[in-house]
Amino acid sequence: METRVRFAPSPTGHLHIGNARTAILNWLFAKHTHGTFILRIEDTDLARSADEYIGQIYEDLKWLGLHWDEGPDVGGPHQYYRQSERLDIYQQYAQQLLASKKAYYCFCTPEELEQMRGESLARREDVQYNRKCLYLSEEQQRSLLAQGRKPAIRFHVPSGDIVFFDLVKGDLRFEGDSIGDFVIMRSEGIPTYNFAAVVDDGLMKITHVIRGDDHVSNTPKQILLYRAFGFELPQFAHIPMILGPDRTRLSKRHGATSIDHYRYRGYLPEAIINFLSLLSWSSVSGDEILSIQQLIDEFDFRRISKSAAVFDIEKLNWMNGYYIRQLDNDRLLSLVTPFLKQANYDISDQLRLKKVIALIKDHMEQLDQVVEQAAIFYRDQVSFADNEARAVVRKESSQKIFWSFLRELHSIAELDANIFRDMMKTVQKETGIMGRDLWQPIRVALTGHLHGPELPLIAEILGRDKCEKFIRAAISN
RNA sequence: GUCCCCAUCGUCUAGUGGCCUAGGACUUAGGAUUUUCGAUCCUACAACGGGGGUUCGAUUCCCCCUGGGGACGCCA
């Protein structure tokens with residue numbers, strides 16, 4: 001049987017890390033099984049949904065490389081793929097439940113419901129709808145309707161346990177009595193999430209529902225709906241949540257959580273996918289650096305752990321740096337160019353830029369760091385990073401080195417890495433200073449930093465004249 | 001309050017009764033290399049939440065406790 005999975009985000013903001021992980025897992029599974037990956041936009045929350053976010057979701061997904069086979073923009077055999085365009089379908093299915101008495105009108109107002117909830121809570125009782133409207137007679141309903149009251153529609157939850165097998169959680173059991181009659185249609189004729197999702201998943205013939213852990217308690221409700229409609233039940237796979245460092249659900253207060261933030265900071269999609277895959281999952285081999293193809297090949301629900309995972313930015317950074325180091329220089333050059341342009345660097349000398357990139361490649365964990373890393377090559381004046389750097393330059397021995405270095409510089413016409421090394425040897429002999437004490441002052445004079453890329457190559461790229469200028473500046477500092 | 005789920009180094013995880021003196025990765029600390037820095041390589045620190053069972057033997061199976069998370073909405 002062909003597998004059909006869907007990623008169904010709500011356009012209420014940017015694509016979130018957690019949602020992205022859900023999308024990735026759905027996509028990986030679709031690829032693994034040669035199935036169909038569907039994008040469905042769940043925009044039934046009129047107040048919070050916005051069209052602009054739909055475009056952003058497309059962009060983020062495309063950037064990650066997760067292309068969909070059916071969706072609002074590409075169409076497909078189960079038109080439409082935006083819930084706001086399917087309102088009449090939901091209406092029709094709701095009427096069907098009403099007719100078969102599996103659902104009923106509820107005239108309670110939000111205020112009344114709120115009050116009821118408050119009272120139950122105060123009495124330390126279960127907060128469930130009390131089925132007040134279930135017992136309304138036909139006449140009462142008619143008169144309420146005649147008054148112009150707009151009722152919501154509630155599903156009448158039958159008693160009895162609901163059991164199902166979850167691909168990652170295993171056997172799950174819920175007591176029917178612990179589930180209250182839930183609203184499937186709001187008074188304005190808009191479906192609620194649980195209802196719309198089931199109608200769509202049923203109609204779109206979704207075979208596997210892969211989604212976040214936070215939906216497990218929705219699942220029994222949905223199963224009841226599937227049964228009420230006679231839809232074939234999909235397989236469920238509830239993947240663990242991603243947590244912040246304080247072990248609560250990852251959210252804005254933990255820092256950047258939207259995928260586009262990571263895109264703009266210069267994280268690589270393959271690093272993001274690799275990293276996110278490793279949350280609550282591990283490969284059989286234990287390898288952690290895995291290509292997209294390997295992730296597709298190795299996808300297996302049985303290897304997804306049941307417990308939540310903390311999002312560790314440190315490890316993501318390391319992994320992104322690793323992926324950057326693996327990039328070939330031309331590719332890195334093109335990836336990094338937009339950042340340099342944005343920072344107004346004069347990158348007309350591409351040959352020089354290439355040397356710069358090759359040099360700082362090992363020092364980057366995010367692409368946007370190219371701006372600060374390359375800064376030393378695109379300025380006319382050295383500024384010292386901190387007091388420690390300034391102190392190094394001011395040391396008496398450092399000043400000795402500078403004078404000696406300057407003399408050497410005057411004896412040459414052109415500077416390259418090898419000549420620089422020879423010069424350093426001479427300076428060492430002349431001053432009797434060696435090792436760190438010799439190299440660090442020159443590094444700081446040339447770059448302003450205590451740390452940085454290989455010094456001879458820095459000198460080569462800077463060139464004779466700039467080196468002279470910077471050393472002179474360090475002397476008079 | 002009710003329902004559901006989870007529990008191995010600081011973090012991500014391996015582990016499905018003996019191979020575990022619990023393995024790997026990130027982080028941190030040392031070292032090697034580099035006459036400097038980074039990258040790289042090596043080494044080290046560091047965990048089975050507690051209590052009961054079952055068993056010849058429990059990280060692994062069962063129960064309780066504790067801790068954490070999620071849901072209980074005319075949000076998704």
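Each chain gets a letter, A, B and so on, in the order the sequences are listed, and its residues count up from 1.
Put simply, CZ on Arg186(A) is 9 Å from C1' on rA76(B), counting in whole angstrom units. Between Lys169(A) atom NZ and rG70(B) atom C1' the separation is 9 Å, expressed in whole Å.
Under the Watson-Crick and G-U wobble criteria, each requiring two contacts below 3.5 Å, nucleotide rA25(B) is paired to rU11(B). Across all strands shown, nothing is found opposite rC45(B) as a Watson-Crick or G-U wobble partner with both distances under 3.5 Å.
Side-chain proximity of Arg325(A) to rU35(B), rC74(B), rA39(B): nearest is rA39(B). Ranking rU13(B), rC37(B), rU35(B) by closeness to the Ser280(A) side chain, first place goes to rU13(B). Ranking rC37(B), rU35(B), rA14(B) by closeness to the Trp439(A) side chain, first place goes to rU35(B). In the set rG38(B), rU35(B), rC4(B), rC4(B) carries the atom at the smallest distance from any side-chain atom of Val216(A).
Exactly one of His156(A), Arg131(A), Gln128(A) qualifies for a side chain to side chain donor-acceptor pair (under 3.5 Å) with Asp181(A). That residue is Arg131(A). Screening Tyr93(A), Phe195(A), Phe155(A) against Met185(A) for a side chain to side chain contact (heavy atoms under 4.5 Å, CB included) leaves a single residue, Phe195(A). Each of Ile153(A), Asp200(A), Leu87(A), Val199(A) was compared with Pro191(A) under the side chain to side chain contact (heavy atoms under 4.5 Å, CB included) criterion, and only Leu87(A) meets it.
Counting atom types as modelled, Glu114(A) pairs no side-chain N or O with a base atom of rG73(B) as donor and acceptor under 3.5 Å. Taking only distance into account, the side chain of Gln428(A) meets the base of rU35(B) through a donor-acceptor pair shorter than 3.5 Å. Checked by distance alone, Asp214(A) brings no side-chain donor or acceptor within 3.5 Å of a matching partner on the base of rG70(B). Applying the 3.5 Å distance criterion, the base of rU36(B) shares a donor-acceptor pair with the side chain of Arg443(A). No hydrogens or angles were tested; on distance alone, a donor-acceptor pair under 3.5 Å links the side chain of Ser187(A) to the base of rC74(B).
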Could you tabulate the donor-acceptor pairs under 3.5 Å formed by side-chain atoms of residues 400-408 of chain A, not counting sequence neighbours?
| unit_1 | atom_1 | unit_2 | atom_2 | d |
| --- | --- | --- | --- | --- |
| Ser404(A) | OG | Glu430(A) | OE1 | 3.0 |
| Arg407(A) | NH2 | Glu430(A) | OE1 | 3.1 |

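Residue contacts for His215(A): at a heavy-atom cut-off of 4.0 Å it reaches a base atom on one of the strands shown. Using a 4.0 Å heavy-atom criterion, one finds that Gly435(A) contacts the bases of the nucleic acid, with or without backbone contacts as well. Note on Ser282(A): only backbone sugar-phosphate atoms sit closer than 4.0 angstrom, heavy atoms only; bases stay farther off. Using a 4.0 Å heavy-atom distance criterion, Leu113(A) is classed as a base contact. Here Arg302(A) lies out of heavy-atom contact (under 4.0 Å) with every strand.
Phe301(A) pairs by the ring pair (Phe, Tyr, Trp, His ring centres under 6.0 Å) definition with Phe29(A), Phe299(A), not counting sequence neighbours.
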